[in-house]
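Okay, structure first, notes after.
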2 protein chains.
Amino acid sequence: MNQVIEFIKSDRLKEKPDLESLGFGKHFTDHMFILDYNKVQGWHSPRIVPFEPLVLSPSAMVFHYGQAIFEGLKAYKTNDGRTLLFRPDKNIERLNRSCERMCIPPIDPDLVLEAIVRLVEVERDWIPNKEGTSLYIRPFIIATEPYLGVRPASEYKFMIILSPVGAYYSGRQLVPVKIYVEDEYVRAVPGGVGHVKTSGNYAASLYAQKKAEELGYDQVLWLDGKENKYVEEVGSMNIFFKINGEVYTPKLNGSILSGITRDSVIQLVKDWGVPVHEERISIEDIFNAYKNGELEEVFGTGTAAVISPVGELKWNEHKMLLNNSETGEFSKKLYETITNIQYGKAEDKFGWTKEV
Amino acid sequence: MNQVIEFIKSDRLKEKPDLESLGFGKHFTDHMFILDYNKVQGWHSPRIVPFEPLVLSPSAMVFHYGQAIFEGLKAYKTNDGRTLLFRPDKNIERLNRSCERMCIPPIDPDLVLEAIVRLVEVERDWIPNKEGTSLYIRPFIIATEPYLGVRPASEYKFMIILSPVGAYYSGRQLVPVKIYVEDEYVRAVPGGVGHVKTSGNYAASLYAQKKAEELGYDQVLWLDGKENKYVEEVGSMNIFFKINGEVYTPKLNGSILSGITRDSVIQLVKDWGVPVHEERISIEDIFNAYKNGELEEVFGTGTAAVISPVGELKWNEHKMLLNNSETGEFSKKLYETITNIQYGKAEDKFGWTKEV
């Protein structure tokens, strides 16, 4: 089914923000994409309209029962003025997997891709071209039906908003972060929704994150919810360990988010001929590798920060200082390789980028 | 700190819905209560205003990161025309416990109680007086700050909306429900947020509920997330078992919601001289009690349905038919005792009701 995307141009364009102080997720562009769902028409009325507030009943189900999912990807400006997306097909696949688990009707992937491409085209001038900046793309779905009672909603909105962004973590990219291993609070458990990009997972993570910050740490390393022993994610990123020349990351077990940067890192590292192990990893094994001097680097992966090197891991009374709390060569090489592909500076041998 | 609640009266009052077809959570009254939060002013500007749509940025954090909590209680009309609330202090206590866990600033309990009372007074004519009906009160808090990035929001709205309601489950009250024991999908785990009335818990429950319905069941009985062996909740209610003349309910372990009807049932049953055990209960023990002919009644408890008798429990290949799939005497007595207190027909020896 081909749906034509309507376009209503804004007659008042905003001033672009200063590239030096972009921050993350603070500024939004002039337009947004909207698609509505109801039971009679299905997903309908795709349109690009001026960025403006949503008008929703206070009883809209998203406020009460949290039926909401999202995605995050970026558009990059190349030195020769092209615009690239990074693996948008993967985000769209995951969006529909999130829909399935959260009882939201799936959306035609071709329409989602067309919406992203068209909206980014319309907002082309908003893509910042300073080193390390990009246009963050946030597709999301919320349950809008006005109703109190626990059941899947019968009305939804799928929207895409865009935000020109600098580094996700304030300060520069690739600055090592200090991580607190959380063994009391739990993010997710198999059989739950930890593998889904749904809003409630993020709300549930805030308390432990606050505790870590109060203790002087940047982020939390989550352990599994069943035994509180196995490594899952760090903050809202996937995590990797380089041990004795080989790379380890927790396998997708139903409570870990299937990150697209995670997948890209695994492909790249394999391509470099470095063994990659996706397996269950206990925090105790990590500590033993550290004691034996074999834990060479630790880093998080995610769309926002790409690669986030870990300088310190604190587990109970143990402090593991990694690579002298400096960014390791392997982390740096991964960051540069991926961002060079994203910004069109290196050959895209995996076909990851899509030109808009 | 005493804040004066401003009142802006609606100049267009809606027609009241037909009492025969009220349903649950479909109709809303003419006014609502709003209280705003920001870092400078704290919680401020309490007001009762016409019920109208919310206007929020598409980047409002509630849509993306699910920082949202709610409560549910009811106002009842007595035969002699009084209006009663049932244990509102308990809801307000739990609201602030939810705030704490979800990193939302707490609200002065006196202001919340005053807001509930004032709003119900304003909407007095909306309280239905037919048997089994009431005015459902929904206090809730949402993160409204326009920002993309995972951290507690710096702006919130606390609101109260009201809905005249009939029975929560379509059809009559006290009709036994068929329950499917879910041992694959998980609602919550210790260290998580299962004990908190936050929106994401409800979204996470939808998939298993849908599966149960497809198999011909009304609700899901959740098992614990660590071992998938111990009984937690049924649907969005607490659960009780009457075994050999004594009453059992899962103890509050950090993944079970601390229900106010649950607490009331425990107090009542103790007052009747029947032993009540709050403990860890395995589904296998329940099945063994059933096989031995000792499982006399099973029922859920919650604000919406009060007491919901269970007629059938399906666990793997086992079907347990309870009390010939009819409402048991004990369930009926509890329902009648509690609703008689709520509607002012029986002595309120525990001081549970508050007249508006």
Side-chain angles (χ1 to χ4, degrees), chain A residues 24-26 28 32 51 53-60 62-68 70 72 101-103 136 138 140 142 146-152 159 161 163 168 184-193 198-207 209-210 225-228 235-236 304, chain B residues 24-26 28 32 51 53-60 62-68 70 72 101-103 136 138 140 142 146-152 159 161 163 168 184-193 198-207 209-210 225-228 235-236 304:
Chain A
F24 196 97
K26 290 192 298 184
F28 298 93
M32 61 187 182
F51 186 92
L54 281 175
V55 178
L56 288 176
S57 171
S59 64
V62 64
F63 298 135
H64 304 270
Y65 308 114
Q67 219 188 348
F70 71 89
R101 182 64 177 84
M102 304 312 290
C103 301
Y136 184 75
R138 169 58 58 93
F140 65 106
I142 54 174
Y147 177 73
L148 298 184
V150 183
R151 62 156 170 73
M159 303 182 62
I161 57 178
S163 172
Y168 182 72
E184 179 185 359
Y185 298 104
V186 166
R187 180 184 167 277
V189 70
V193 295
T198 184
S199 65
N201 288 337
Y202 297 84
S205 78
L206 298 173
Y207 195 85
Q209 171 67 22
K210 192 172 82 169
K226 279 199 187 247
E227 303 183 56
N228 300 89
S236 46
Chain B
F24 196 97
K26 290 191 299 183
F28 298 93
M32 61 186 182
F51 186 93
L54 282 174
V55 178
L56 288 176
S57 171
S59 64
V62 64
F63 298 135
H64 304 271
Y65 308 114
Q67 219 188 348
F70 70 90
R101 182 64 178 86
M102 305 311 290
C103 300
Y136 184 76
R138 169 58 59 93
F140 65 105
I142 53 174
Y147 178 72
L148 299 183
V150 182
R151 62 157 170 73
M159 303 182 63
I161 57 178
S163 173
Y168 183 72
E184 179 185 359
Y185 298 105
V186 166
R187 179 185 169 277
V189 70
V193 295
T198 184
S199 65
N201 287 338
Y202 297 85
S205 77
L206 297 174
Y207 195 86
Q209 171 67 22
K210 191 171 81 167
K226 279 200 187 245
E227 303 183 55
N228 300 90
S236 47

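Below, read A as the first sequence line, B as the second, and so on, with proteins coming before strands; counting in each chain starts at 1.
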Among the listed options [options], the residue most often paired with chain A at heavy-atom distances under 4.5 Å:
{"options": "B:Q67, B:H64, B:E184", "result": "B:H64"}
{"options": "B:K26, B:K210, B:M159, B:R138", "result": "B:R138"}
{"options": "B:P190, B:S57, B:S59", "result": "B:S59"}
{"options": "B:N228, B:L206, B:V193, B:V62", "result": "B:L206"}
{"options": "B:A60, B:G200, B:A204", "result": "B:A204"}
{"options": "B:A68, B:S205, B:P152", "result": "B:P152"}

For [X], is it the side chain, the backbone, both or neither that has a heavy atom under 4.5 Å from a heavy atom of chain A?
{"X": "B:Y207", "result": "both"}
{"X": "B:R101", "result": "both"}
{"X": "B:F28", "result": "side chain"}
{"X": "B:Y185", "result": "both"}

Practice task
Count the heavy-atom pairs under 4.5 Å between each of A:A203, A:S199, A:G225 and chain B, then report the option with the highest count.
Solution key: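 Maximum pair count with chain B is reached by A:S199.
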Fill in the blank from the handout: Given the options B:Y136, B:F140, B:Y202, B:F70 meets ring-ring contact (aromatic ring centres under 6.0 Å, His included) only with B:Y202
Problem - side-chain contact (heavy atoms from CB on, under 4.5 Å) between A:K226 and A:V189, worked out - result: CA-CA 7 Å; A:K226 279 199 187 247; A:V189 70; 3.9 Å; yes
Is it the side chain or the backbone of [X] that comes within 4.5 Å of chain B heavy atoms, both, or neither?
{"X": "A:Y65", "value": "both"}
{"X": "A:R187", "value": "neither"}
{"X": "A:I142", "value": "side chain"}
{"X": "A:V55", "value": "both"}
{"X": "A:F63", "value": "both"}
{"X": "A:Q209", "value": "neither"}
{"X": "A:I161", "value": "side chain"}
{"X": "A:M102", "value": "both"}

Completion exercise
For A:T198 and A:G66 the tightest heavy-atom approach is OG1-O, 4.1 Å
